Amino acid sequence: MPTDARCLVEADESSATVRLSGVLEPTAAADRVRDALLARLSERPGPIVVDVARLRSTDGSAARLLAEVRRAVADWPAADLLVLDPAGTVTGADATALPVYATADEATAALARTPMAALLAADLAPTVGAARQARAMIADGCARWGVPQLTEPASIAVTEMVNNVVAHARTPMTVRLAPRDSSLHLAVRDHSPRQPAYAGLAPLTSTGGRGLLLIDTVARRWGSTPVPNGKVVWCVLHAEDEAARQG
């Protein structure tokens, strides 16, 4: 995953480690590093450890970039960014927003505290049956994680997210689902750069465009993150919100 002659991104396919090496400056190279990290996080479920032992950075650039990527994936299912920084490369105000570890053992132990068992994922084709398959995964996850009250709202959200891919992106997709405390994190990754457009409440006479409104209604928050070769549309649902709606 080279970026340019001065800064390289190397992903270890046998582990969750991504190594940055060379010189990182606040230039177009930093944008390419950001894209490479987002690509890694969108293509492989779970958190990553970014090893900056061989990276040189100026003016807090590394901390800003890594904190930005971590914020971008904060609500994705089972996603996070940890930093292995034995030389103290990550400095500045943004470093406080990052989990930084001085040794590989510490980073590995932190990674082990975010188990991948609590994650469901499915690769789906853009066909009419995709939403049904996604809803079956939702029902399975909500039952196994003890949040059955989220089955209906999560099914509504995933149906709209998947059908949007089928109708507009028309690319293969990956659906991921994971619990976090009493919330459910859901994401659909497709391979179209076209971002969903949400214009708020639709007129009563409208015959379409209600999908995002439904997601906005059942989810506490949602969004769409551009990634190389596509996007990740995500949402977060909370059990207490559903309890309040049911009154």
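These figures come from a predicted structure and were not determined experimentally.
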For L66 and V52, run side chain to side chain contact (heavy atoms under 4.5 Å, CB included): C-alpha distance rounded to whole Å, both residues' side-chain angles, the deciding distance at 0.1 Å, then the answer. CA-CA 10 Å; L66 296 174; V52 298; 4.3 Å; yes

Please name all residues satisfying side chain to side chain contact (heavy atoms under 4.5 Å, CB included) with T108, sequence neighbours left out, ordered by chain then number. none

Any chance CD of E152 has more than 12 other-residue heavy atoms, nucleotides or ligands included, within less than 6.0 Å? no

Heavy atoms only: give me the nearest L184-A154 pair and the separation to one decimal. CD2-CB, 3.8 Å

Going from OG on S224 to CE on M161, what distance comes out if it is rounded to the nearest 0.5 angstrom? 9.0 Å

Minimum-distance pair of heavy atoms, taken over all atoms of W145 and A178: CH2-CA, 3.9 Å

Atom pair CD (E43) and CG (N229), whose distance is rounded to the nearest 0.5 Å: 8.0 Å

Could you list all the side-chain hydrogen bond (donor to acceptor under 3.5 Å, both in side chains) pairs where at least one residue sits in residues 85-102, not counting sequence neighbours? none

Quick check for you: to the nearest 0.5 Å, what is the distance between L24 atom CG and S57 atom OG? 5.0 Å

Between atom NE2 of H185 and atom CG of L177, what is the distance when rounded to the nearest 0.5 Å? 10.0 Å

How many angstroms lie between CG in L84 and CG in D105, if you round to the nearest 0.5 Å? 10.0 Å

Apply the side-chain contact (heavy atoms from CB on, under 4.5 Å) test between I138 and each candidate in L120, I156, V158; give the one that qualifies. V158

How close do L150 and S182 get, heavy atom to heavy atom, and via which atoms? CD1-O, 4.1 Å

Residue pairs meeting salt bridge (charged side-chain N to carboxylate O under 4.0 Å, His left out), one or both in residues 168-182, sequence neighbours left out, come to none

For a quick test of reading the model, state the closest non-hydrogen atom pair linking E10 to S21 and the distance between them. OE1-OG, 4.0 Å

Should V147 and Q149 count as side-chain neighbours, where that means a heavy-atom distance under 4.5 Å? yes

Evaluate the criterion side chain to side chain contact (heavy atoms under 4.5 Å, CB included) for residue pair V233 and N164; output intermediate values, then yes/no. CA-CA 10 Å; V233 180; N164 191 60; 5.7 Å; no

Give every residue pair that meets the side-chain hydrogen bond (donor to acceptor under 3.5 Å, both in side chains) criterion with at least one member in residues 124-139, sequence neighbours excluded. R135-T159

Check this for me: R220, atom CZ, are more than 12 non-hydrogen atoms of other residues, nucleotides or ligands nearer than 6.0 Å? yes

Those residues at least two apart in sequence (or on a different chain) that pass side chain to side chain contact (heavy atoms under 4.5 Å, CB included) with S15 are D12, T17

Contacts of type side chain to side chain contact (heavy atoms under 4.5 Å, CB included), residue T217, not counting sequence neighbours: L213

Please name all residues satisfying side chain to side chain contact (heavy atoms under 4.5 Å, CB included) with P226, sequence neighbours left out, ordered by chain then number. Q195

Among L65, L55, V69, which residue satisfies the side-chain contact (heavy atoms from CB on, under 4.5 Å) criterion with V33? L65

Heavy-atom closest contact (S183 atom, V236 atom, distance): CB-CG1, 4.2 Å

My understanding is that only residues two or more places apart in sequence, or in another chain, count here; which of them pass side-chain hydrogen bond (donor to acceptor under 3.5 Å, both in side chains) with D123? T174

State the CG-CG distance between D51 and L82, to the nearest 0.5 angstrom. 12.0 Å

Among pairs that include at least one residue of residues 65-83, which meet salt bridge (charged side-chain N to carboxylate O under 4.0 Å, His left out), considering only residues two or more places apart or in two chains? R34-E68, R70-D80, D75-R221

Verdict with reasoning, V73 to T225, per side chain to side chain contact (heavy atoms under 4.5 Å, CB included): CA-CA 8 Å; V73 305; T225 308; 6.0 Å; no

Which atoms form the tightest heavy-atom contact between S42 and V232, and what is the distance? CB-CG2, 4.0 Å

Under the salt bridge (charged side-chain N to carboxylate O under 4.0 Å, His left out) definition, can you give me all pairs with a residue in residues 183-194, not counting sequence neighbours? D190-K231

